[in-house]
Amino acid sequence: MDFLNELNDEQRKAVEQLNGPVMIIAGAGSGKTRVLTYRVAHLINSEIDPFNILALTFTNKAAREMRSRIEQMVGTEAKNIWMGTFHSVFAKILRFECERLGYPSNFTIYDTSDSKNLIKAILKEEQLDEKTYKPSLVLNRISAAKTNLISANEYLSNDELLTEDRMSAKPKLGIVYQKYSERLFRSGAMDFDDLLYWTNVLLRDFPDVLNKYQNRFKYVMVDEYQDTNYAQYLIVKRLAAKFENICVVGDDAQSIYAFRGANIQNILNFRKDYPDVKTFKLEQNYRSTKHIVGAANHVIENNRDRLKKTVWTSNMDGEKIKVIRNLTDNEEGMSVARSIFETKMNEQALDKQFAVLYRTNAQSRAIEEALRKMNIPYRIYGGQSFYQRKEIKDLISYFRVVINPQDEEALKRIINYPARGIGKTTIDKLTVLSNDWKQDIWSILRSPDLLNEQFNAGTAKKLEVFVNLIRSFQTELKTTDAYELGSKIASSSGLIGELYSDRSPEGVSRYENIQELLNGLKEFVEEKPGEDEVVDENEVKTLEKFTEDIALLTDADKDTDPQNNDKVTLMTVHASKGLEFPYIYIVGLEENLFPSQLSLSSRPDLEEERRLFYVALTRAEKRVSLSYAVSRFRWGNMVYSEPSRFIEEIPEQFLDLIPSKPAPNKISVTSQVESRNVPVFKRKSTGAGSQKMIKERNLTKYNDSRKPGVLDTGSGNSEHVSRIIVGTEVIHDKFGKGEVVAMEGEPPNVKATVAFQGAGNKQLLLKFAKLRIVGKAKQ
DNA sequence: GGAGGCCTCGGAAGG
DNA sequence: CGAGGCCTCC
């Protein structure tokens, strides 16, 4: 076969090993996707029926890309491969099988905000305090339980868990979990974790189902295996138990999702589950320069918990890694923007060849501002999703109720929106009745007798009108296409009218968003099936199918305008996994930011941060620039930081330390002083191979009892202090005005002798004396 | 029922 | 600082 020649030895061996357990450890940039797609193509060319292949990925995007690449190689047969995310593949299977679990096949998938709202409702009903039982924490705890296949009842009989909850002053957590599960079930709803949890129950408790899917999925492949959690691991293990044709691909060095339950041990222990596993290591990097690969390798060596591998490249040395020091976060933005601008000029680079990576979303602001100032187009990944916007959720909630009227979260959202006189009292009463009778709210609503018995005539009438509205849509669900019915719902519900009447800019934008969703429906309906695809001519593209589809979509899946994609990319390091760019800027490389403050107390957490940094470095093809700021605004406070330890972990031979440049048009005193007097970023060369760097020499920290790193911005701040030199005029709270006549000592213990006009000469430690600068030194 | 004041709190994020 | 949630007041 031709295409096997396009692979290196190890890649080819991995592709050709079709049977039995296979583990592929794929270093960054080693052609992992290529190996995966070729392997599937090779399976199909070896007469394996595509229907017998299951390929699991972590994102829809990865699945789509892989599918289209395989299609290019083997043709439309690729359509029949079971390929998708864990969640989408098993949601599909659950729709076939879930009646065995007591779920309706039109079950709703709750997103995180639905789950949180349900938890809040339960907390209220149980009279638990939302501050003690923070909904996000409660949800995380429930999620962790489900991920480990612990049901609510098992939770309540698990002494260890109950003790933990008592110790953390949340003794009722198990009860909340139990209520939460009941409500989901009663609403015919599953949350994201349920999709994996119930799949496991299905495969565990129904041998015929297990057998059916084991026979269907004779070949199983899992991408990003280092990021699988226990529930996912177990599904894969169960499915593959019969044939053991299981191939997992991953890189332990790029595991960055432990914080949400990924278990790096899954890949580290694969060998234990399958002793006759064939392991292949893809170690040749085709993406990056030698300097980048070298730097990344050295960094990751600081981690203890790793599989052994040596990533290397035959690419050229390339440029050294730039380190840019900045005084503030805004200056950092400007440095990055300026550098992008210069690179575009000097190297004829395109905007889309650049990416700026940061640890937290909040850092994007300063970068955005600077790029805007320099007229550099950019695009941000992340942030609020289209599907999370209120007006979009509202309309989709109508869809959800029409499809599955048991769906309580959606029902509560729309029963009185737009307003139809069904107030809080009525909804509360419905909830109480529903809880007392252990029935979903819709089953109460749909009984006119019950309504007349429980509510006054006016309220009962209003509820009936609402029920009839929903019913009128339901009669069309199977026969009318998604666009037609969706538009009808949007207008007949009064939602469009409500938004149209709001002429404020926000209102207009909401209205436009609804139009965009309706356009999406139209596209969905008009989407042509592939040429060879067998389609039932009478099959209607229903609203039900559309709603199922989008439940598992995120913003990253929305098509971006291909005409207009020449833009600089801004995103978090997490979001950058799997991507590559010629020029990468990693910003905010400061202690307490990257690595994050919250990671510093435990070794595993710090190692995950380091893997995150490793991921960031290895996104780059040609050049990496690292930058940090001496001070930045965080939560309204000026915070002073030291450069990240991760910079120090890169050997000097790979680094190009450049001082911060003053802005071209406005030369600030600060920058002048900094660049003239202060050795900005120096390394000690104490013998061979010492990588210690002299910490910020000019950085004087106030070390009081406040939170580490957070300083009072009031009377004195150390940016000012760092500018104090002999001759500076200063004011002291007690001694008044004076002039610095001498300085001695090394930061942070610089001692200044100040001649005060009223109080004479005083010796003061700069880090304690809150001196304010009133005049600069006359030179 | 909605506007506006007050309070709290802040990680990363796939499905 | 700024977003989001909650409460209050009209």
Practice task
Please identify each residue that fulfils ring-ring contact (aromatic ring centres under 6.0 Å, His included) with Tyr511(A), with sequence neighbours left out.
Solution key: Tyr500(A)

Problem - Length of the line joining His87(A):NE2 and dG14(B):P, which is rounded to integer Å - result: 12 Å

Fill in the blank from the handout: In B/S/- notation (B base, S sugar-phosphate only, - none; protein heavy atoms under 4.0 Å), nucleotides 3-9 of chain B written 5' to 3' is -------

Exercise for the section: Between dG15(B), dA12(B), dC1(C), spot the one nearest the side chain of Asn361(A), thanks. Expected result: dA12(B)

Fill in the blank from the handout: On DNA chain B, more 5' by nearest nucleotide between His574(A) and Arg420(A) is Arg420(A)

Practice task
Choose from dA13(B), dG11(B), dG1(B) the nucleotide whose nearest atom is closest to any side-chain atom of Asn416(A).
Solution key: dG1(B)

Practice task
Calculate the interatomic distance between Leu593(A) atom CG and dA12(B) atom C1'; express it in whole Å.
Solution key: 12 Å

Exercise for the section: Please determine, for the side chain of Thr59(A), which listed nucleotide (dG14(B), dG11(B), dA13(B)) has the closest atom? Expected result: dG14(B)

Handout entry: Ion pair Asp111(A)/Lys393(A), N-O distance below 4.0 Å
Key = yes

Exercise for the section: Remember a base hit wins even if backbone is also touched, and classify Arg359(A) as base, sugar-phosphate or nothing at under 4.0 Å, heavy atoms. Expected result: base

Exercise for the section: Under 4.0 Å between any heavy atoms, over every strand shown, what does Asp193(A) touch: base, sugar-phosphate, or nothing? Just pick one. Expected result: base

Problem - side chain to side chain donor-acceptor pair (under 3.5 Å) involving Ser364(A) - partner list, sequence neighbours excluded - result: Glu368(A)

Problem - Short side-chain N/O contact to dA13(B) OP1/OP2 from Thr572(A), under 4.0 Å - result: yes

Exercise for the section: Nearest whole angstrom, please: distance from the P of dG14(B) to the CG of Asp191(A). Expected result: 17 Å

Practice task
Establish whether the base of dG11(B) is bridged to the side chain of Glu609(A) by a donor-acceptor pair shorter than 3.5 Å.
Solution key: yes

Practice task
Please identify each residue that fulfils side chain to side chain donor-acceptor pair (under 3.5 Å) with Lys170(A), with sequence neighbours left out.
Solution key: none

Problem - Separation of the P atoms in dG4(C) and dA13(B), to the nearest angstrom - result: 16 Å

Exercise for the section: List the steps and the verdict of salt bridge (Lys or Arg N to Asp or Glu O under 4.0 Å) for Arg183(A) and Glu125(A). Expected result: CA-CA 12 Å; Arg183(A) 289 286 268 280; Glu125(A) 289 159 24; 2.8 Å; yes

Problem - side chain to side chain donor-acceptor pair (under 3.5 Å) involving Tyr213(A) - partner list, sequence neighbours excluded - result: Glu97(A)

Fill in the blank from the handout: note: Glu369(A), atom CD; dG2(C), atom P; distance rounded to Å ~ 10 Å

Exercise for the section: Would you indicate what Phe192(A) reaches in the nucleic acid, counting non-hydrogen atoms under 4.0 angstrom: base, sugar-phosphate, or nothing? Expected result: base

Practice task
Measure from the side-chain heavy atoms of Leu552(A) and tell me the nearest of dA12(B), dG15(B), dA13(B).
Solution key: dG15(B)

Exercise for the section: Please name all residues satisfying side chain to side chain donor-acceptor pair (under 3.5 Å) with Ser105(A), sequence neighbours left out, ordered by chain then number. Expected result: none

Problem - Listed nucleotide nearest any side-chain atom of Ser596(A), set dG11(B), dG1(B), dG15(B) - result: dG11(B)

Handout entry: Asn229(A) side-chain N/O to dG14(B) phosphate OP1/OP2 under 4.0 Å
Key = no

Practice task
Using a cut-off of strictly less than 4.0 Å, decide whether Asn60(A) has a side-chain nitrogen or oxygen near OP1 or OP2 of dG15(B).
Solution key: yes

